[in-house]
Amino acid sequence: MTEKQTILLEAADPETGAEAVARAGEILRRGGIVAIPTETVYGLAADAANPEAVAAIFEAKGRPADNPLIVHISRMEQLDEVAAARPAGLEALAERFWPGPLTVICPKGDRIPLITSGGLDTVAVRMPSHPVARAIIEASAPLAAPSANRSGSPSTTTAQHCIDDLWGRVDAIVASGRCAVGVESTVISLCGEAPTLLRPGAVTLEQLRKVLGRVDLGKGVLERLKEGAKVLSPGLKYKHYAPKADVELVRGDSAGYTAYVRARAAEDPGLWAMCFAEDEEGLGDLPRLCYGGADDYAAQTEALFDDLRRLDALGVRRVLAHAPKPQGMGLAVYNRLVRSAGFHITDV
Ligand code: TXA
Ligand code: MG
């Protein structure tokens, strides 16, 4: 692709932030592509109704054309611009979780081109809570925005990650610190027989069931999809969140995990642990990144992608990651790590 003259717009400070928002809004209205902060991860945004602008997102990311984008809105009225109908359950979910880290699959409205929905007749909609994201939508239009990383790499949770992945490939990057949640939004489909969780995130399965009653767990959330299986969410088929290192996900208690890491490290001194605070003592002086307490899922989600990128920057070749329990927000962490590991799991 031809190199773009990327500009960096600083929006951490509310004063200068207003200028950055106005510039970003202008670029987006003209059909440009801009990396913007959200409360989950940074997104690479374009006007969702402009097919050429959306095509530029796919090109900048190197994203497969059949992997649909999420459309971000800032007000409920915009929902009716992008979706053909409000499916049963939507209003209850919006009431409880919007604005926030929840994406809902709805029937697609005519104004959203097929390139945005990856050729599907449904559209993913989310109303972010990040004030800068909301202001940029207000200053432009409903925005299609996948995570602002090169396709296949871990998502970006700081402006520096966006610079590392997208400098020269996008028109602007809006910098606004670290994303509070750290993993992408929860995705739920309301277009099937029963509400189905397609991607776990900070809004948990348990919370969704409290609002909707029955919510099924989508195939592919916890286990590898079978070859040729019908996929509800195209994103589930692709390799994801993968650092350059070879990651192995280790399930078990702290004693089992640390004993396993010590044994493997005796054969392979270049190995690193990605562990919980509780494991540190048992690891002695083995190299590691600690990504939170074993039950502190919020700390784990915040650190996860930054740590995967740090391991790459350190040139680490092999990582033994301690798996969180697949419950609450731990399910989101587990889902990302098992993909980083290419489903290489060891039980100890
Ligand atoms: O938190 C987030 O959701 C971030 C920020 C930027 O908002 N965005 C994000 O987008 O994670 P992306 O493109 O990386 O992930 C979107 C996921 C993909 O797995 C995609 O396959 C799925 O949502 N998806 C989008 N539209 C869909 C649809 N119509 N039906 C089923 N799955 C869909
Ligand atoms: Mg992504």
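Values below: all heavy atoms of this structure, side chains included; hydrogens, waters and symmetry mates excluded.
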Peer 1: Less than 4.0 Å between a side-chain N and a carboxylate O, is that true for E184 and R126?
Peer 2: no

Peer 1: CD1/I188 to OG1/T196 distance, rounded to the nearest 0.5 angstrom?
Peer 2: 7.5 Å

Peer 1: For residues T6 and L166, determine if any side-chain heavy atom of one lies less than 4.5 Å from a side-chain heavy atom of the other.
Peer 2: no

Peer 1: For a 4.5 angstrom cut-off between non-hydrogen side-chain atoms, does V319 reach L308?
Peer 2: no

Peer 1: Check whether any side-chain N or O of E59 sits under 3.5 Å from a backbone N or O of A55 as a donor-acceptor pair, and report yes or no.
Peer 2: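 Checking the backbone N and O of A55 against the side chain of E59, no donor-acceptor pair under 3.5 Å is found.
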
Peer 1: Compile the donor-acceptor pairs under 3.5 Å between side chains in residues 267-278 and protein atoms, sequence neighbours left out, one pair per line.
Peer 2:
from: E267; atom 1: OE1; to: R264; atom 2: NE; distance (Å): 3.4
from: E267; atom 1: OE2; to: R264; atom 2: NH2; distance (Å): 3.1
from: D268; atom 1: OD1; to: G270; atom 2: N; distance (Å): 3.2
from: D268; atom 1: OD2; to: R318; atom 2: NH1; distance (Å): 3.3
from: E278; atom 1: OE1; to: A294; atom 2: N; distance (Å): 3.0
from: E278; atom 1: OE2; to: A294; atom 2: N; distance (Å): 3.3

Peer 1: Is it true that V247 and Y257 fall in one hydrophobic cluster, defined by side-chain heavy atoms closer than 4.5 Å?
Peer 2: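 Each belongs to a different hydrophobic cluster.
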
Peer 1: Starting from the C-alpha separation in whole Å, work towards a yes-or-no answer on side-chain contact (heavy atoms from CB on, under 4.5 Å) for L286 and V261.
Peer 2: CA-CA 9 Å; L286 292 179; V261 175; 4.0 Å; yes

Peer 1: Can you confirm whether more than 12 heavy atoms, excluding those of R63, are under 6.0 Å from its CZ atom?
Peer 2: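 It does: R63 CZ has more than 12 such atoms within range.
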
Peer 1: Taking only residues two or more places apart in sequence or in another chain, which ones pass salt bridge (charged side-chain N to carboxylate O under 4.0 Å, His left out) with R251?
Peer 2: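 D347.
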
Peer 1: Test salt bridge (Lys or Arg N to Asp or Glu O under 4.0 Å) on K61 and D165; report intermediate values, then the result.
Peer 2: CA-CA 9 Å; K61 280 191 57 119; D165 270 28; over 6 Å; no

Peer 1: Do Y42 and L69 land in one hydrophobic cluster if side-chain heavy atoms of ILVMFWY residues count as linked below 4.5 Å?
Peer 2: no

Peer 1: Just by modelled atom types, is the V123 backbone N or O under 3.5 Å from a matching donor or acceptor in the S117 side chain?
Peer 2: no

Peer 1: Does the side chain of L331 come within less than 4.5 Å of L222's, by heavy atoms?
Peer 2: yes

Peer 1: Any side-chain heavy-atom pair from Y297 and V183 closer than 4.5 angstrom?
Peer 2: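 Not touching, per the 4.5 Å side-chain cut-off.
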
Peer 1: Output yes when a side-chain donor or acceptor of R262 lies under 3.5 Å from a complementary backbone atom of G282, and no otherwise.
Peer 2: yes

Peer 1: Can you list the steps and then say if D164 with Q160 is a side chain to side chain donor-acceptor pair (under 3.5 Å)?
Peer 2: CA-CA 6 Å; D164 294 342; Q160 186 60 51; 2.9 Å; yes

Peer 1: Considering non-hydrogen atoms only, spot the tightest contact between L205 and L217 and give its length.
Peer 2: CD2-CD1, 4.1 Å

Peer 1: Is the shortest distance from a Lys or Arg side-chain nitrogen in R310 or D307 to a carboxylate oxygen in the other one below 4.0 Å?
Peer 2: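 Between D307 and R310 there is a salt bridge, with a charged N closer than 4.0 Å to a carboxylate O.
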
Peer 1: Hey, are the side chains of E248 and D246 touching, using non-hydrogen atoms and a 4.5 Å cut-off?
Peer 2: no

Peer 1: Rounded to the nearest 0.5 Å, what separates atom CD1 in I70 from atom OG in S147?
Peer 2: 8.0 Å

Peer 1: The test is side chain to side chain donor-acceptor pair (under 3.5 Å); show your working for R309 and T156 and say whether it passes.
Peer 2: CA-CA 9 Å; R309 283 172 178 269; T156 47; 5.6 Å; no

Peer 1: Assess whether side-chain contact (heavy atoms from CB on, under 4.5 Å) is satisfied between L190 and R86, documenting all intermediate values.
Peer 2: CA-CA 9 Å; L190 298 179; R86 296 185 178 190; over 6 Å; no

Peer 1: Could you measure the distance from the CD atom of E280 to the OG atom of S254? Nearest 0.5 Å is fine.
Peer 2: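 Rounded to the nearest 0.5 Å, the CD-OG separation comes to 10.0 Å.
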
Peer 1: Using the ring pair (Phe, Tyr, Trp, His ring centres under 6.0 Å) rule, collect all pairs that involve residues 48-89, keeping only residues at least two apart or in two chains.
Peer 2: none

Peer 1: Would a 4.5 Å heavy-atom cut-off, applied to side chains only, mark R23 and I7 as touching?
Peer 2: yes

Peer 1: Heavy atoms only: give me the nearest V125-C106 pair and the separation to one decimal.
Peer 2: CG2-SG, 4.4 Å

Peer 1: State, to 0.1 Å, how close L44 and I57 come at their nearest heavy-atom pair, and which atoms those are.
Peer 2: O-CD1, 3.4 Å

Peer 1: Is K108 close to L120 at the side-chain level, that is, under 4.5 Å between some pair of heavy atoms?
Peer 2: no

Peer 1: Determine all donor-acceptor pairs shorter than 3.5 Å in which one atom belongs to a side chain in residues 45-54; sequence neighbours excluded.
Peer 2:
from: D47; atom 1: OD1; to: A49; atom 2: N; distance (Å): 2.9
from: N50; atom 1: OD1; to: E52; atom 2: N; distance (Å): 3.0
from: N50; atom 1: OD1; to: A53; atom 2: N; distance (Å): 3.1

Peer 1: Quick one: does S151's side chain get under 4.5 Å of P64's, heavy atoms only?
Peer 2: yes

Peer 1: Going by the side chain to side chain contact (heavy atoms under 4.5 Å, CB included) test, name the single residue among V203, L93, T40 that passes it with T186.
Peer 2: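 Exactly one candidate clears the test, V203.
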
Peer 1: As an exercise, state the distance from CG of L320 to OG1 of T258, rounded to the nearest 0.5 Å.
Peer 2: 11.5 Å

Peer 1: Do you know which two heavy atoms are closest between A56 and I33, and how far apart they sit?
Peer 2: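 Looks like O-CD1, 3.6 Å.
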
Peer 1: What heavy-atom pair brings P113 and R111 nearest, and what distance separates the two atoms?
Peer 2: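 Smallest heavy-atom distance, with atoms named: CD-O, 3.4 Å.
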
Peer 1: For the atom pair CG (L198) and OG1 (T103), what is the distance rounded to the nearest 0.5 Å?
Peer 2: 10.0 Å

Peer 1: Can you tell me if CD on E19 sees more than 12 non-hydrogen neighbours from other groups inside 6.0 Å?
Peer 2: no

Peer 1: Under 4.5 Å between side-chain heavy atoms, counting indirect links through other Ile/Leu/Val/Met/Phe/Trp/Tyr residues: same cluster for F97 and I137 or not?
Peer 2: no

Peer 1: Taking M127's backbone N and O only, do any of them form a donor-acceptor pair with R134's side chain (distance below 3.5 Å, no angle check)?
Peer 2: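 Not at all, since once roles are kept as given, no pair shorter than 3.5 Å links the two residues.
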
Peer 1: Following the transitive rule for hydrophobic clusters with a side-chain heavy-atom cut-off under 4.5 Å over Ile, Leu, Val, Met, Phe, Trp and Tyr, establish whether L28 and I173 coincide in one cluster.
Peer 2: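 The answer is no; the residues belong to distinct hydrophobic clusters.
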
Peer 1: If you round to the nearest 0.5 Å, how far is CG of D216 from CG of L197?
Peer 2: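 One finds 10.0 Å between CG of L197 and CG of D216.
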
Peer 1: Which pairs count as side chain to side chain donor-acceptor pair (under 3.5 Å) when at least one residue sits in residues 169-179, sequence neighbours excluded?
Peer 2: R178-D306

Peer 1: Find out if a path of hydrophobic residues (ILVMFWY) with successive side-chain heavy-atom gaps under 4.5 Å connects F343 to V333.
Peer 2: yes

Peer 1: In this structure, are over 12 heavy atoms from other groups packed under 6.0 Å from E193 atom CD?
Peer 2: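 No, CD of E193 has 12 or fewer neighbouring heavy atoms, counting only those of other groups under 6.0 Å.
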
Peer 1: Name each donor-acceptor pair under 3.5 Å that joins a side chain in residues 321-329 to protein atoms two or more places apart or in another chain, with its distance.
Peer 2:
from: H322; atom 1: ND1; to: D279; atom 2: OD2; distance (Å): 2.8
from: H322; atom 1: NE2; to: G252; atom 2: O; distance (Å): 2.7
from: K325; atom 1: NZ; to: D295; atom 2: OD1; distance (Å): 2.7

Peer 1: Between V132 and I36, does the side-chain contact (heavy atoms from CB on, under 4.5 Å) criterion hold? Intermediate values first, please.
Peer 2: CA-CA 8 Å; V132 174; I36 64 167; 5.9 Å; no

Peer 1: How close do P142 and I73 get, counting heavy atoms only, and between which atoms?
Peer 2: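 Nearest heavy atoms, P142 then I73: CB-CG2, 4.3 Å.
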
